[in-house]
Peer 1: 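Sharing a structure here in structure tokens format.
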Amino acid sequence: MLRTSSNRFAHSVSSRPRRSCRAVSIVVWLLPLLLAVAATDARAASLADYRARVHESLIALDTLAASGDEAGYADDATEREARVLGEVRRNIGAHERVEWAGGSLEADNTWLHNALADYERMDSDDTDARSLALRHISERLAALEQHLVRADAGSASTPARDKDAEKGRLASILRRPEYNQSETKNE
């Protein structure tokens, strides 16, 4: 009987290091992911920076579409295409925080990453469909760029908001008699 209890003790002691090793290995695997998420949340782009990256990506895709019309070696075209698509993905993240004087927003560019993936899956012999897909992506990026230009122009002319001043104005408006009539009627 003593022997079985010592075996139980030996088993429970030996399983503890295994459990802690599993916990450590899980933390080791999750740590880079958590750091990447924290870095993404901490990194916010200015509106001008985001607009410039959208513009660079638009130029790169237009150049790729124009070079697709030219005759060339298939290997060179494939390498160039992979390089350009990778550059566009690096320039414009799937999710990004964009800040300007008027506030901030979360830009969801998953449509772009999905469209680029769809383009890559297309048959390389179907040049018409591929050029049409590139044209659609470029048109949508151009529309995004135009919105960003307007937003940047609007934020430059709009002064930064002073929240305390706005709260003070709101409080003074709410103290006016026309807003306090319902309180006097209820009393």
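Everything numeric here is computed off the predicted structure, so don't read it as measured data.
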Peer 1: Would you say that Leu58 contacts Leu144 through its side chain, given a criterion of any heavy-atom pair below 4.5 Å between the two side chains?
Peer 2: no

Peer 1: Please round to the nearest 0.5 Å and tell me the distance separating atom CZ of Arg83 and atom OG1 of Thr78.
Peer 2: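 Result: 11.5 Å between the selected atoms.
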
Peer 1: So which heavy atom on His113 is nearest to which on Ala94, and how close?
Peer 2: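 Closest approach of His113 to Ala94: NE2-N, 3.3 Å.
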
Peer 1: Within the distance-only criterion (no hydrogens, no angle test), does the side chain of Arg51 pair as donor or acceptor with the backbone N or O of Glu145 below 3.5 angstrom?
Peer 2: no

Peer 1: For Met122, does its backbone N or O pair with a side-chain atom of Arg130 as donor and acceptor, under 3.5 Å?
Peer 2: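 The answer is yes, because a donor-acceptor pair under 3.5 Å joins these two groups.
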
Peer 1: Could you give me the CA-CA distance, side-chain angles and deciding distance for Glu56 and Ile59, then say whether side chain to side chain contact (heavy atoms under 4.5 Å, CB included) is met?
Peer 2: CA-CA 5 Å; Glu56 289 172 13; Ile59 290 172; 5.9 Å; no

Peer 1: Compare every heavy atom of Leu112 with every heavy atom of Val88, then report the nearest pair and how far apart it is.
Peer 2: CG1-CD2, 3.9 Å

Peer 1: Quick one: do Arg53 and Asp49 make a salt bridge, cutoff under 4.0 Å?
Peer 2: yes

Peer 1: Got a second to check how far Ser104's OG is from Leu47's CG, nearest 0.5 Å?
Peer 2: 11.5 Å

Peer 1: Grab the two heavy atoms, one from Ala107 and one from Val98, that are nearest each other, plus how far apart they are.
Peer 2: CB-CG2, 4.2 Å

Peer 1: Testing the basics here: between Val84 and Ala60, what is the closest heavy-atom pair and its distance to 0.1 Å?
Peer 2: CG1-O, 3.7 Å

Peer 1: Treat each ILVMFWY residue as a node, draw an edge where side-chain heavy atoms are under 4.5 Å apart, and state whether Leu105 and Tyr50 are in one component.
Peer 2: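 Yes: a chain of side-chain contacts under 4.5 Å links Leu105 to Tyr50.
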
Peer 1: Side-chain polar contacts of residues 136-143 - donor-acceptor pairs under 3.5 angstrom, sequence neighbours left out - could you list them?
Peer 2:
residue, atom, partner, partner atom, Å
Ser138, OG, Asp62, OD1, 3.1
Ser138, OG, Leu134, O, 3.1

Peer 1: Among Leu148, Val149, Asn91, find the residue that satisfies the side chain to side chain contact (heavy atoms under 4.5 Å, CB included) test when tested with Val54.
Peer 2: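 That would be Leu148.
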
Peer 1: Are any of the side-chain heavy atoms of Leu61 and Leu85 separated by less than 4.5 Å?
Peer 2: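 Counting from C-beta outward, Leu61 and Leu85 do come under 4.5 Å.
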
